[in-house]
Number of protein chains: 4
Amino acid sequence: TMASSAMSKRLEGKTIVITGASSGIGRSTAVEFARTSPKNLRLILTARRIDTLKEVAAEIEKEVLPFKLDVSSPEEVRSFVGNLPEEWRDIDVLDSGLVKGVAKAPEIAEEDINVMFATNVTGLINMTQAVLSIFKKRADGGAGDIINIGSIAGREPYQGGSIYCATKAAIRSFTDSLRRELIATRIRIMEIDPGQVETEFSVVRFNGDKAKADAVYAGCEPLTPDDIAEVIVFAAGRRENVVLADSLVFPNHQAAATVMHKKS
Amino acid sequence: TMASSAMSKRLEGKTIVITGASSGIGRSTAVEFARTSPKNLRLILTARRIDTLKEVAAEIEKEVLPFKLDVSSPEEVRSFVGNLPEEWRDIDVLDSGLVKGVAKAPEIAEEDINVMFATNVTGLINMTQAVLSIFKKRADGGAGDIINIGSIAGREPYQGGSIYCATKAAIRSFTDSLRRELIATRIRIMEIDPGQVETEFSVVRFNGDKAKADAVYAGCEPLTPDDIAEVIVFAAGRRENVVLADSLVFPNHQAAATVMHKKS
Amino acid sequence: TMASSAMSKRLEGKTIVITGASSGIGRSTAVEFARTSPKNLRLILTARRIDTLKEVAAEIEKEVLPFKLDVSSPEEVRSFVGNLPEEWRDIDVLDSGLVKGVAKAPEIAEEDINVMFATNVTGLINMTQAVLSIFKKRADGGAGDIINIGSIAGREPYQGGSIYCATKAAIRSFTDSLRRELIATRIRIMEIDPGQVETEFSVVRFNGDKAKADAVYAGCEPLTPDDIAEVIVFAAGRRENVVLADSLVFPNHQAAATVMHKKS
Amino acid sequence: TMASSAMSKRLEGKTIVITGASSGIGRSTAVEFARTSPKNLRLILTARRIDTLKEVAAEIEKEVLPFKLDVSSPEEVRSFVGNLPEEWRDIDVLDSGLVKGVAKAPEIAEEDINVMFATNVTGLINMTQAVLSIFKKRADGGAGDIINIGSIAGREPYQGGSIYCATKAAIRSFTDSLRRELIATRIRIMEIDPGQVETEFSVVRFNGDKAKADAVYAGCEPLTPDDIAEVIVFAAGRRENVVLADSLVFPNHQAAATVMHKKS
Ligand SMILES: NC(=O)c1ccc[n+]([C@@H]2O[C@H](COP(=O)([O-])OP(=O)(O)OC[C@H]3O[C@@H](n4cnc5c(N)ncnc54)[C@H](OP(=O)(O)O)[C@@H]3O)[C@@H](O)[C@H]2O)c1
Ligand SMILES: NC(=O)c1ccc[n+]([C@@H]2O[C@H](COP(=O)([O-])OP(=O)(O)OC[C@H]3O[C@@H](n4cnc5c(N)ncnc54)[C@H](OP(=O)(O)O)[C@@H]3O)[C@@H](O)[C@H]2O)c1
Ligand SMILES: NC(=O)c1ccc[n+]([C@@H]2O[C@H](COP(=O)([O-])OP(=O)(O)OC[C@H]3O[C@@H](n4cnc5c(N)ncnc54)[C@H](OP(=O)(O)O)[C@@H]3O)[C@@H](O)[C@H]2O)c1
Ligand SMILES: NC(=O)c1ccc[n+]([C@@H]2O[C@H](COP(=O)([O-])OP(=O)(O)OC[C@H]3O[C@@H](n4cnc5c(N)ncnc54)[C@H](OP(=O)(O)O)[C@@H]3O)[C@@H](O)[C@H]2O)c1
């Protein structure tokens, strides 16, 4: 149809960096971009697990560059763009979703707090700055898309989520400030906040305790990573003047961070 | 492509009520629904100007019912569903966007306050309740979509917007409560908040003063009603478990209710 | 001590209008103002139950004017200032808290919606405009205090609160816009949002069903109206440059609209 | 008067830790606590500049312990309580306000980001956890007060504030989660958000450029640190069941992060 061929056209020729592309939403987003705009798309998939990235790349069968990157390392982020093959450096879209789990005050380990902030917050900020320096070189003050994956946790603090919520609130605020700072450019700053999505995250969050993770979803039908990926690609595929600045996506049984309906 | 044919399929056979369909976003939304899912769609277009609705209907060339309705009249809303031809009563989607302008305290005329609340707030609430009584009859607690058009004004109060902002904040709160109240059903409650869109509204807002309205947009490129219509149809076209609960859409030059970049 | 004698001094000679003064927070506020600044204070107590107002006035034993006023009547509000004895018209502080109960969509009676908006929203807006026209006559763009009693319900929508929350969200937005519109004056616009307070409201809210109201408080220790009154008087008693713009007050067992700890 | 002698009594015998006590709001808060409750108060003043803390202590002439502490050092925070003289360890109130300045993306130095998060966010979180472990030992799940100094910047992101706003948003979210997590205790979690206050911060923020700092305040009358100190002491001085959970304090010329009126 017309709408989606328009979208496919708008994405043509873009170089897209996806962080957290080895799993969950990031992985689905890679697949969805490739599906929507099969021609001339360059996808740079980053995460720590390079082998998994290679599997995702093989699945997509398009021009895909798997790239090992730990965003919590400022050094790795600093050298990221420079280490890309030259023809992959002209980045158009940065899609950032990263994640480290939760704990409850006052028993939160110092180390957990540090890793969470280093990944979700300063990691994302550093990546953003790295990519913005490319965007800003373009005409009219600059062009390009930043799509940050936030969370309902960044909008509504909840019990047991003090650190995770704080990292997401920080990123939400950063994203909003950034949009204001770049208002005289054509750079688009967008945030997409999912509610419950079934991914590896649910397991990571409970430090690998799958039984505990399953309990969270019992009687619920969470979103799939593909559901969020479709919203991300829709956002990137709008005409340049349209900024899907801030979206919240829930599964049908959820109405707030902790308001869920469970079928018994 | 696959994505949009999936969407087209999901919308098939739906009966969709659009309020404020004689102009702006509502009018574009009618056209966009017809474009996306050309088969078996029933569009009920409502507003006060029946002649204009007939023009829109003629343009669409599908099964369209123009219906004169002043939502600020509780009586008209109360009898609305009953007055529909029988085969048009099984409503699936209510898309509500209505609007009456702005003024500054303490010089806001009592009458203006009353009309604004009667249209934007109690009008929308009454319509919602009328349609919910149909939705609730369906299996599993009920099914159907409510899509309310809010505004950045409902998120951020601003100078000179005290009444308009208050009406949009009321609707935003109502929408969120409603989503919580209906969590055990399959009813989806969604809100889409546009920033600047070029429609008749900019003129209505300044009581017909076109020069003043034009000044607001000078040096800016606002969104078109079609841009918002595409987001509305995308929201309605998600698979049933996906609720695009709350979205903010800006043109590229805008970053907050009153933060705009003007080219000089 | 120095602090409170400073406060007492700052309030000296003020004419203070309290709406909803026949019960709960309004009644306590009247008593607390009189207690804090016993000299030359003029208290105008308004509500619909004039007899109860007279009882409150008798209790206070200061210069108090009980005044019958239904804020949901635009006519009564319009003539309010003009009907005051001349020496009571130079109002300095308007403290507004009004209230009409709750219900659940889609079974909310049209009449309930209308009364709730007419009282909590347009009633308060009309009172505000009436008093602002006095404030604006003073030097430097105007001076005086507006203190609106909001609610946690205006910050967080909740299930079963769709209309009450919407009215409080509207007032919250109105209050914020107003503060922006009056920024070039010395008029202070303040909002105080209580969590659970034990007042007649809990009974009114459940249409007189005291058993239901008691159930809400079982195992909890709510705030008293005096607790909120102390915050209101503290706000009014700051030096003129200090605006306690927006405060949320919870009892110790409450952390959100619906997050309460009940002792079993 | 009765009110303030009640307050003075409630604060009697408390051990109060103030971070950032060498300057601005923290310094004023120390003085205000001593003034309000002159008997049996223990004030622990912390900051990096021990000499300045000693000056503040000398000024107060009460039982005051100046204590050198860099909150951005997890080691120093970890050993903080243990290093206090034994009779100073039974802490009742933690008042936390810390600060490191601002810059604009994408030119924010990595080091600045790290120091800002280490001070304002993880520093404050670490201090909170250290003190909570004392609070939790008390009866009924624990007792004590945490008072965090946030900022309007944590509520409203603004241009040029991306990192500072993000740190304050993180703390705001953390504070709210914490209140929920500790709801079954008597521990009170409070946040006070100032608008413009004239302190050293304005100079720190512009990396020592006093001329730039002065420009921000030209034509404005900011709050004084004492104004905020009075609100902090008022919050700590409420009866135990009353939690002044979240307050925003503006000077009269300010209505939002970036909405100020300047006299010309
Ligand atoms: N799932 C949900 O319910 C949910 C809800 C709301 C928001 N979100 C957000 O959605 C985003 C994606 O989450 P998800 O559910 O898709 O999680 P996921 O399946 O666990 O994926 C997380 C991804 O982040 C990568 N990652 C983690 N640490 C990293 C680091 N230091 N450097 C580079 N990459 C790193 C992981 O790859 P490696 O391990 O290979 O590095 C993985 O690809 C997150 O921002 C999350 O907060 C999720
Ligand atoms: N334009 C913007 O910049 C902007 C920005 C944010 C949000 N919005 C929101 O978008 C929605 C649509 O606005 P728009 O810009 O498309 O405005 P518009 O072009 O002026 O259209 C408003 C529509 O509402 C209808 N309407 C007004 N009063 C009515 C009543 N009492 N009963 C029934 N219909 C009534 C009008 O039709 P009749 O006159 O024929 O009745 C018209 O169809 C509104 O909710 C508005 O608040 C607009
Ligand atoms: N109690 C709580 O838990 C709680 C929590 C959050 C916020 N609040 C807010 O605090 C404020 C005061 O509530 P409250 O708990 O003190 O309630 P309350 O004890 O029921 O008092 C309500 C007052 O409003 C007056 N009132 C009601 N309708 C009126 C009308 N049409 N015209 C004039 N006066 C009218 C009543 O007097 P007459 O009947 O004599 O007219 C009464 O004096 C309200 O804004 C409420 O929303 C209360
Ligand atoms: N001023 C405003 O306009 C304003 C507005 C809103 C919010 N606030 C907030 O109010 C709080 C206090 O700010 P202020 O204006 O009073 O600032 P200030 O006068 O600059 O004082 C800041 C204090 O923090 C201490 N500090 C800084 N880094 C530290 C570290 N690593 N370890 C320990 N102490 C440290 C400083 O002492 P040393 O240098 O001796 O360590 C100083 O005592 C902050 O949270 C700020 O964000 C201020």
Side-chain angles (χ1 to χ4, degrees), chain A residues 74-75 77-78 102 104-111 113-114 116-118 120-122 124-126 128-136 142 146 153-183 187 189 257-258, chain D residues 74-75 77-78 102 104-111 113-114 116-118 120-122 124-126 128-136 142 146 153-183 187 189 257-258:
Chain A
E75 296 71 34
V77 173
R78 222 179 294 131
V102 225
K104 199 167 151 182
E107 302 104 19
I108 314 172
E110 231 175 75
E111 178 56 17
I113 299 175
N114 293 340
M116 249 192 276
F117 273 99
N120 292 359
V121 183
T122 48
L124 185 146
I125 292 173
N126 291 339
T128 303
Q129 293 212 103
V131 165
L132 278 181
S133 65
I134 298 168
F135 289 5
K136 298 270 277 184
I146 304 277
R155 297 179 175 219
E156 288 180 47
Y158 52 82
Q159 179 169 351
S162 53
I163 302 303
Y164 178 63
C165 293
T167 64
K168 289 294 181 182
I171 281 316
R172 182 168 180 73
S173 168
F174 176 73
T175 303
D176 194 336
S177 290
L178 211 60
R179 193 181 302 116
R180 292 164 192 249
E181 292 181 12
L182 297 167
I183 202 179
I187 297 170
I189 308 292
T258 56
Chain D
E75 296 71 35
V77 173
R78 220 179 294 133
V102 225
K104 199 168 150 183
E107 302 104 19
I108 315 173
E110 231 176 77
E111 178 56 18
I113 299 175
N114 293 340
M116 249 192 275
F117 273 98
N120 293 0
V121 182
T122 50
L124 185 147
I125 293 173
N126 292 340
T128 303
Q129 292 211 103
V131 165
L132 278 181
S133 65
I134 299 167
F135 288 5
K136 298 270 277 184
I146 306 275
R155 298 179 174 218
E156 287 180 48
Y158 52 82
Q159 178 169 352
S162 53
I163 301 302
Y164 179 63
C165 293
T167 65
K168 289 294 181 183
I171 281 317
R172 183 168 180 73
S173 169
F174 176 73
T175 303
D176 194 336
S177 290
L178 210 60
R179 193 181 301 117
R180 292 163 192 249
E181 292 181 13
L182 297 167
I183 201 177
I187 298 169
I189 308 291
T258 55

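Values below: all heavy atoms of this structure, side chains included; hydrogens, waters and symmetry mates excluded. Keep in mind it's a predicted model, so treat the numbers as computed, not measured. Here is the naming used below: chain letters follow the sequence lines, and residue numbers restart at 1 for every chain.
Not counting sequence neighbours, the partners of D:I134 by the side-chain contact (heavy atoms from CB on, under 4.5 Å) test are D:V81, D:D90, D:I91, D:R138. When the salt bridge (Lys or Arg N to Asp or Glu O under 4.0 Å) test is applied to A:E111, no partner is found at least two apart in sequence or on another chain.
Here the shortest heavy-atom pairing between A:N126 and D:E110 reads OD1-CG, 3.8 Å. For the pair D:S177 and A:Y158, the tightest heavy-atom approach, listed with the atom from each and the gap, is OG-O, 3.3 Å.
Proximity to chain A (any heavy atom under 4.5 Å) is restricted, for D:R78, to the side chain, taken from C-beta onward. Interface remark: D:V77 contributes no atoms to any contact with chain A (heavy atom separation under 4.5 Å).
Taking CD from D:Q129 and OG from A:S162, the interatomic distance works out to 7.5 Å, rounded to the nearest 0.5 Å. Rounding to the nearest 0.5 Å gives a distance of 7.5 Å between CD1 of D:I183 and CD of A:Q159. For the atom pair CZ (A:F117) and OG1 (D:T167), the distance works out to 9.5 Å, reported to the nearest 0.5 Å.
The candidate with the highest count of non-hydrogen atom pairs below 4.5 Å against chain A, out of D:A153, D:P157, D:A166, is D:P157.
By the 4.5 Å heavy-atom criterion applied to side chains, A:I163 and D:I125 are counted as neighbours.
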